Structures are given as C-alpha cells and as structure tokens.
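Data block below; observations after.
Chain A is the first sequence line, chain B the second, and so forth, proteins listed ahead of strands; every chain is numbered from 1. Just so we're clear, the structure is a prediction, and the values are computed from it rather than from any experiment.
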Amino acid sequence: MRNEEVLKSEFAPRLVQWQRQHGRHGLLWQTREPYRVWLSEIMLQQTQVATVLDYYPRFVATFPDVQALAAAEEDAVLGLWQGLGYYSRARNLHKAAQQVVNEFGGVFPSERIELERLCGVGRSTAAAIAAFCFNARETILDGNVKRVLCRLFALDGDPANKAFEAKLWTTAEALLPRNAADMPAYTQGLMDLGATVCKRLKPVCAVCPMNDICLAHLQGRTAELPRRKAAVAVKDVALYWLVLRNRAGAVFLTKRPAKGIWGGLWCVPCSESLDDLYALARDFGIQAEDLTEGIEIKHRLTHRQLMILPFTAVAGEQAPVSARIAGEWVAPENLAIYGIPKPLHSYLNAVQNSLF
DNA sequence: TAATCGTGGCA
DNA sequence: TTGCCAAGATT
C-alpha cells in the first residue's frame, strides 16, 4: 500500500494548489459569512449550481441576515423557495434561523457538532460551514467527494451500505490538509474537482491534478466507479385536482400539511381518489356533473410518476366553503407570493395565458 | 433503516 | 421515453 501513503500525503497540497489556480472563484456564496454559506449549502443539497443561481440572490435580497429570516413568515420563505424542490429544506431553514437567534444569540456556532444541531444541517453541511467560515479541519462528504474518493482509491463498495459510507468518511478525514488555513480552498477544491474534472460522465482525467496517483484512472476503471446506486422504484400515482375559480377569477388554494409531498406549499384541493374529489366539490356546492375534466398533466419526481387530472368549475359568488377545508381565494396577481407546486404553477400560468 | 422528499439536466 | 443523479437530511 505504498501508493496509498503517497496518495494521502500528496492529495491535500495538490488539491489546494489546483483549486487556487483552476477552481471556481466567482460564485456568489463564496464568502466567510456563515449565514450566506449556510443558505447556499442548504439550497445546493441535491440541487445543481445553475439552478441555485436563480434563487440565491433573490433570497439574500429579501432576507439579508439570519434575524430577518427568523422573523419572516414561513409562507414568505416557501414562496421564495417555490420551484426549488425538497421543501422541507425551506421549512427547516426557517426553523434553524430561529434556533440561531433563540439558542445561539444570533451568532452561528463555529464547531461542526454545534452546527449539526440546526434543523436541516447534517454532518456534511455542518462541515462545509465550519471549514469555509472557521477553518475547521472537518471534511465534507457529498456526491462529488464520494465519487472522487471511490476513483482515487478504486473503492467499489455498495453506496447503500452503511459500513462503506463510514469508510468513506474515515478516508475523507485522513486526507485533510495539515494547515487549517487551507480548509476553505481545500473544501472548495473537493467540490470543484468533482464538478468540473472528476465528473460522473466523461471525466477529464487528462487535466486532473491526481491522474498519476488515481487508482481508478491507472486501472482504467473510472467509468465503473463509483458503483451505481440501486434504482429506486418509480410508482405511478393518479392525482385529481379541484380547480375552482370564483367570478372575480380568483382560485381556491389550501395549505398542504408539512408531511408528504409539497409540504407547506399552497395547492388546489386534491385527492388520489376521484370519489374524494367529488366529495370535496360538493363542499363547495358543486356537483360532479358541473365539473369540467381537463387535460392530464404528467409530472415525474424521483420516486413517483404523477398523473394529474384537473377538474375545473366556477364557484358561486358566496361559495359555501366547508369548515373542514381551510383555504383562501387567491387572485391571479397575488399568486406570486404563495409557494405553489411546480406543475400547478405551470398549469395556472398556461390557463391564465389562454384566457388573455 | 430503508423510504421519502422536487426539479432539472443530460445522454 | 427512461435512467441516473445533483454541494443530503430526516424519520
């Protein structure tokens, strides 16, 4: 294992130097301010950089600091998060801001363990904040780092195996630079290398600073490492939407429960059962024969294939809303301030455009 | 602990 | 169209 010793002593110095020369430097969230780093890390979970570039500036402009975020309404936070996905991140972000204000005196803790107490902040995110903002010698372990490590050491473990996951953490820790001052560049380098060189498809090994010590490259196995995760079963789900408009053109929305898909967002009344949908309609004084069936919308999630069928109707001036359906009539011009599921947002836009 | 949670990009 | 996954965390 002589090669591994060389690898461990060479990796950090090479990565730090490479990051400074060839890494990414213009990203908006590359700062040492914990609030901004934290916000970016949450937004970037399972989300591509290009997507976050759309959301981050608006979010910071609206909530410039953790106090402003803590004082906000949850709906205002979800409204800015609309379309970004994984909405529990937004709800946890809001809670965590209140934790920072109420439990940490408005100041982010500097240690990884303390940061992990914040809602929505796991080990890797906590390590990123600690490393970027406080030079802490803590390692991140995201998809980029896992891929780099699996190739560097030719590790072909099962990604779903917990022992293998633990081995990756241990391996990553053993590679940390000696000098704590290098932690920001090192941490950024881990992500940059994985994102721009050691890519999942078509890695650019020719320009990789590790290509002479990377076992997968030396063995010609970069295409097969890391091992693929077991495919998740995609279930077909039928979803029926009750799209009600009053005479003023407002649409009826209800706030979804925190658990489950689109948790906390605002949506039209809906059900996976058509009979349930008819019952919901009757709560508004509308019979099944008064509903107009729309065109099916296909919406694919990671683990669900949704087939959404909208039913529309015009509700009376004084729609007798049942007490069991809490909600609001929202005028088209006010939709923007509500967090709305992507397919509903698209649907309402399409309907609106077809009317004018 | 394995399942759950969104949306978009790419091949 | 489909598979796979992206700066993962939670339950």
Side-chain angles (χ1 to χ4, degrees), chain A residues 23-24 27-30 36-56 78 81-93 95-96 115-132 139-148 158-163 165 168-169 172 184 187-196 198-202 223 226-237 239 256-265 267 298-306 308 339-346:
Chain A
R24 295 175 292 188
L27 298 171
L28 294 174
W29 44 83
Q30 288 180 327
R36 294 187 174 223
V37 171
W38 163 64
L39 173 61
S40 73
E41 290 299 329
I42 301 299
M43 282 190 170
L44 286 160
Q45 287 170 1
Q46 303 291 285
T47 306
Q48 298 181 354
V49 169
T51 304
V52 172
L53 287 176
D54 272 351
Y55 287 79
Y56 184 83
L78 284 166
W81 207 271
Q82 167 179 302
L84 198 50
Y86 285 156
Y87 299 98
S88 65
R89 291 184 296 173
R91 300 192 308 273
N92 283 333
L93 190 84
K95 287 184 205 159
L115 286 161
E116 281 187 59
R117 290 170 53 188
L118 300 177
C119 292
V121 176
R123 179 169 175 184
S124 188
T125 297
I129 300 167
F132 281 132
T139 187
I140 59 170
L141 187 64
D142 60 15
N144 287 314
V145 183
K146 288 176 182 174
R147 186 170 57 256
V148 168
D158 175 3
N161 184 293
K162 220 179 163 191
E165 172 95 359
L168 288 174
W169 276 109
T187 304
Q188 187 64 50
L190 282 176
M191 302 196 235
D192 291 351
L193 190 67
T196 68
C198 195
K199 299 180 290 185
R200 180 173 70 96
L201 304 172
K202 298 183 185 178
R227 259 164 69 173
R228 305 280 168 265
K229 285 183 241 178
V232 294
V234 179
K235 256 196 291 186
D236 286 345
V237 176
L239 212 53
R256 294 182 59 85
K259 287 184 196 290
I261 195 168
W262 300 322
L265 295 190
C267 191
K298 291 183 193 296
H299 187 75
R300 198 177 66 156
L301 313 182
T302 301
H303 58 304
R304 294 283 186 275
Q305 174 65 57
L306 304 182
I308 302 166
I340 295 171
K342 180 67 178 174
L344 179 60
H345 189 257
S346 300

On the side chain of A:Arg300, is there an atom forming a donor-acceptor pair with the base of C:dG3 - under 3.5 Å, no angle test?
yes
Whole-Å distance, A:Leu301 CG to C:dT2 P, equals 15 Å
Worksheet entry | Donor-acceptor pair under 3.5 Å, A:Thr302 side chain vs B:dG6 base | yes
Q.
Between B:dA2 and C:dA7, how far apart are the two C1' atoms, rounded to whole Å?
A. 23 Å
Using only side-chain N and O atoms of A:Trp29, determine if any of them is under 4.0 Å from OP1 or OP2 of C:dA7. no
Within residues 40-49 of chain A, those residues having any heavy atom closer than 4.0 Å to DNA chain B are A:Gln46, A:Thr47, A:Gln48
Winner on side-chain proximity to A:Gln188, out of B:dT7, B:dC5, C:dA7, is C:dA7
Is A:His299 near enough to B:dG6 that one of its side-chain N or O atoms lies under 4.0 angstrom from OP1 or OP2?
no
Practice problem: For A:Arg228 and A:Pro226, indicate whether the former's side chain and the latter's backbone hold a donor-acceptor pair under 3.5 Å. | Solution: yes
*Answer with base, sugar-phosphate or nothing: what part of the nucleic acid does A:Trp38 contact at a heavy-atom distance below 4.0 Å?*
nothing
Hey, does A:Gly260 reach any base, or is it just sugar-phosphate, or nothing, if we go heavy atoms under 4.0 Å?
-> sugar-phosphate
Notebook entry, point to check: When we call it a touch if two heavy atoms are under 4.0 Å apart, what does A:Leu27 touch: a base, just sugar-phosphate, or nothing?
Noted result: base
Throw together a table of side-chain donor-acceptor distances under 3.5 angstrom for residues 117-130 of chain A, partners on residues two or more places apart or in other chains.
| from | atom 1 | to | atom 2 | distance (Å) |
| --- | --- | --- | --- | --- |
| A:Arg117 | NH1 | A:Glu114 | OE1 | 3.0 |
| A:Arg123 | NH2 | A:Glu173 | OE2 | 3.0 |
| A:Ser124 | OG | A:Leu141 | N | 3.0 |
| A:Thr125 | OG1 | A:Gln45 | NE2 | 3.0 |

The single option from A:Arg36, A:Gln30, A:Gln188 that satisfies side chain to side chain contact (heavy atoms under 4.5 Å, CB included) with A:Phe132 is A:Gln188
Ignoring hydrogens and geometry beyond distance, is the side chain of A:Arg200 in donor-acceptor contact with the base of B:dA11 at under 3.5 Å?
no
_Please tell me if A:Ser124 has a side-chain N or O lying less than 4.0 Å from either OP1 or OP2 of C:dA7._
no
Taken to the nearest whole Å, CG/A:Leu201 to C1'/C:dA6 is 12 Å
### Message
Base, sugar-phosphate or nothing for A:Pro343? Non-hydrogen atoms, less than 4.0 Å.
### Response
sugar-phosphate
Assert: residue with more 5' nearest nucleotide on DNA chain C, out of A:Ala231 and A:Trp169, is A:Ala231
If only side-chain N and O atoms of A:Lys229 are considered, is one of them under 4.0 Å from the OP1 or OP2 phosphate oxygen of C:dC4?
no
Picking from C:dC4, C:dA6, B:dC5, the nucleotide nearest the side-chain atoms of A:Tyr86 would be B:dC5
For A:Met43 and A:Val52, the nearest pair of non-hydrogen atoms, with its separation, is O-CG2, 3.5 Å
(request) Quick one: label A:Arg91 by what it contacts on the DNA or RNA (base, sugar-phosphate, nothing), any heavy atom closer than 4.0 Å. (result) nothing
Touch class at under 4.0 angstrom, heavy-atom based, for A:Ile261 against every strand present
sugar-phosphate
